[in-house]
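Right, one structure below, let's go through it.
Proteins come first, then strands; the chains are lettered A, B, ... in the order of their sequence lines, and each starts at number 1.
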Amino acid sequence: MPELAEVLFYTRQWDAGMGQRIVRVLVHPSARVFRGGHVGQLAAGLTGKTYQRPFAHGKNMLFAFSGGHWLGGHLGMTGEMLAADPAHTPEKHDHLVLYTAAAALVYRDPRMFGHWRYEKGDEAPAWWRALPPEVLSRAFTLRHVQHILTRRARTPLKPLLLDQAFFPGIGNWMADEVLWQLRLHPSTPSGACDAAALRAAVQTITRTAVKTIGRDWSDPPRSWLFLHRWKAGGHCPRCHAALERGEFRGRTACWCPQCVLPNSALDRRVAPSRR
DNA sequence: CATCATGTTATAAT
DNA sequence: CATTATAACATGAT
């Protein structure tokens with residue numbers, strides 16, 4: 001599920017255990033989502049510590065515990081966080097459960113594409129501090145976006161938007177939403193895209209998603225592509241034309257063939273880069 | 001039974 | 001070297 005706003009929502013599900021002591025740590029026997037990490041150290045390190053607070057950055061999560069203990073997480077495709085009853089009995093796909101007196105903090109993930117790491121240190125781990133500028137941060141300047149579009153001028157916009165090094169937190173549905181709102185075809189060469197317009201669309205869509213999905217899992221506006229893009233047979237909420245679906249770099253894209261601007265390059269053989 | 005899925009990454013091929 | 005395609009990961013929903 002999880003893109004930026006969903007990730008933010010999930011990090012907050014553990015708020016029920018904020019300020020609480022971890023009395024017991026339970027790790028799924030397969031330990032698959034820990035990717036070879038030392039789960040014994042994780043369990044021993046977090047037991048007795050206090051859960052302090054969550055951080056979200058794009059699709060990455062970081063949880064701070066007292067004494068300089070950190071838990072980094074990524075939800076993959078089907079990862080989910082929830083707070084359960086303190087007496088929670090782990091279910092089939094519960095990979096990590098932190099028990100406190102107030103709540104059991106659960107990480108659940110059927111497909112196990114998510115991953116978790118534990119570390120100890122006075123400040124947030126190096127990998128966290130090295131993450132690229134967030135799309136709603138000050139550092140996500142027009143110049144920055146211009147630089148990306150120039151550097152990757154021939155790359156189609158859809159895969160560019162999915163690149164976490166450039167647009168952290170943007171996933172498949174948000175990328176389709178951005179392109180649809182800009183009336184751009186997913187194959188539009190990045191160099192042909194206006195940086196200011198792209199930046200504005202990415203930021204307003206992110207802000208609205210954070211205020212709806214991120215806040216209480218409510219749906220973003222019905223006028224968005226969001227609700228209509230999921231399955232084949234959907235219709236454009238703007239012009240009611242049948243939506244089109246296709247594959248780009250292994251991911252499904254959905255767009256409105258009617259709304260797409262005529263000058264947004266549909267044909268990749270057409271010479272792309274300019275400026 | 002076959003297909004598809006809101007993600008990432010290693011490896012192969014160009 | 002940079003870019004792109006493909007497979008792989010593992011499970012559940014349709």
- Item | Whole-Å gap separating C1' (dA13(C)) and CD (E80(A)) | 15 Å
- Item | Nucleotide dA5(B), atom C1' - distance to CD of E6(A) in whole Å | 14 Å
- Task: Give a yes/no answer on whether the side chain of R249(A) brings an N or O atom under 4.0 Å of OP1 or OP2 in dA5(C).
- Result: yes
- Query: Going from CG on L46(A) to CG on L96(A), what distance comes out if it is rounded to the nearest 0.5 angstrom?
  - Reply: 8.0 Å
- N/O (side chain, H74(A)) to phosphate O (OP1/OP2, dT8(B)) under 4.0 Å: yes
- Bracket string, DNA chain C, 5' to 3' - pairs by Watson-Crick or G-U geometry under 3.5 Å, | interstrand: .||||||||.||||
- Nearest-0.5 Å distance, CG of residue L157(A) to OG of residue S190(A): 4.0 Å
- Query: Does a side-chain heavy-atom distance below 4.5 Å link E80(A) with L75(A)?
  - Reply: no
- Is the distance between the ring centroids of H235(A) and H240(A) under 6.0 Å? no
- Let me know the distance between NZ of K158(A) and P of dT3(C), rounded to the nearest Å. 20 Å
- Query: dT3(C) phosphate, OP1 or OP2: any side-chain N/O from R154(A) under 4.0 angstrom?
  - Reply: no
- Query: What integer distance in Å separates D109(A):CG from dC9(C):P?
  - Reply: 16 Å
- Query: When you check the phosphate oxygens OP1 and OP2 of dA10(C), does a side-chain N or O of H93(A) lie under 4.0 Å from one of them?
  - Reply: no
Could you give the side-chain donor-acceptor pairs of residues 101-113 of chain A under 3.5 Å, partners two or more places apart or in another chain?
{"from": "Y107(A)", "atom 1": "OH", "to": "D109(A)", "atom 2": "OD2", "distance (Å)": "2.5"}
{"from": "R108(A)", "atom 1": "NE", "to": "D94(A)", "atom 2": "OD1", "distance (Å)": "2.6"}
{"from": "R108(A)", "atom 1": "NH2", "to": "D94(A)", "atom 2": "OD1", "distance (Å)": "3.4"}
{"from": "R108(A)", "atom 1": "NH2", "to": "D94(A)", "atom 2": "OD2", "distance (Å)": "3.4"}
{"from": "D109(A)", "atom 1": "OD1", "to": "T78(A)", "atom 2": "OG1", "distance (Å)": "2.7"}
{"from": "D109(A)", "atom 1": "OD1", "to": "R111(A)", "atom 2": "N", "distance (Å)": "3.4"}
{"from": "D109(A)", "atom 1": "OD1", "to": "M112(A)", "atom 2": "N", "distance (Å)": "3.0"}
{"from": "D109(A)", "atom 1": "OD2", "to": "G114(A)", "atom 2": "N", "distance (Å)": "3.1"}

- Query: The side chain of M112(A) lies closest to which of these nucleotides: dA10(C), dT8(B), dA5(B)?
  - Reply: dA10(C)
- Test W180(A) against every option in R238(A), H228(A), R229(A) by the side chain to side chain contact (heavy atoms under 4.5 Å, CB included) rule and name the one that passes. R238(A)
- Under 5.5 Å between ring centres and under 30° between planes: true for F113(A) and the base of dC9(C)? yes
- Message: How many whole angstroms separate atom CZ of R108(A) from atom C1' of dT11(C)?
- Response: 15 Å
- Nearest-nucleotide comparison on DNA chain B, the residue closer to the 5′ end among H115(A) and R111(A): R111(A)
- May I ask you to verify if any side-chain N or O of K59(A) is less than 4.0 angstrom from the OP1 or OP2 atom of dT8(B)? yes
- Item | Along DNA chain C (nearest heavy atom to each residue), the more 5'-positioned of R152(A) and G250(A) | R152(A)
- When the distance from CE of M77(A) to P of dT8(B) is rounded to whole Å, what number comes out? 9 Å
- Return no unless some side-chain N or O of T155(A) is found under 4.0 Å from OP1 or OP2 of dT3(C). no
- Query: How far, in whole Å, is dC4(B) from dT6(C) if one measures between their P atoms?
  - Reply: 15 Å
- Message: Measure CH2/W127(A) against P/dT8(B) and give the value in whole Å, please.
- Response: 13 Å
- Using whole Å, report how far CZ of R229(A) lies from C1' of dC4(B). 13 Å
- Message: Below the 4.0 Å mark, does dT11(C) have OP1 or OP2 next to a side-chain nitrogen or oxygen of K92(A)?
- Response: no
- Item | Pairwise distance NE2(H57(A)) to OG(S137(A)) - rounded to 0.5 angstrom | 7.5 Å
- Would you tell me if any nitrogen or oxygen in the side chain of R245(A) comes within less than 4.0 Å of OP1 or OP2 on dA5(B)? yes
- Item | Any side-chain heavy-atom pair of W255(A) and L184(A) under 4.5 Å | no
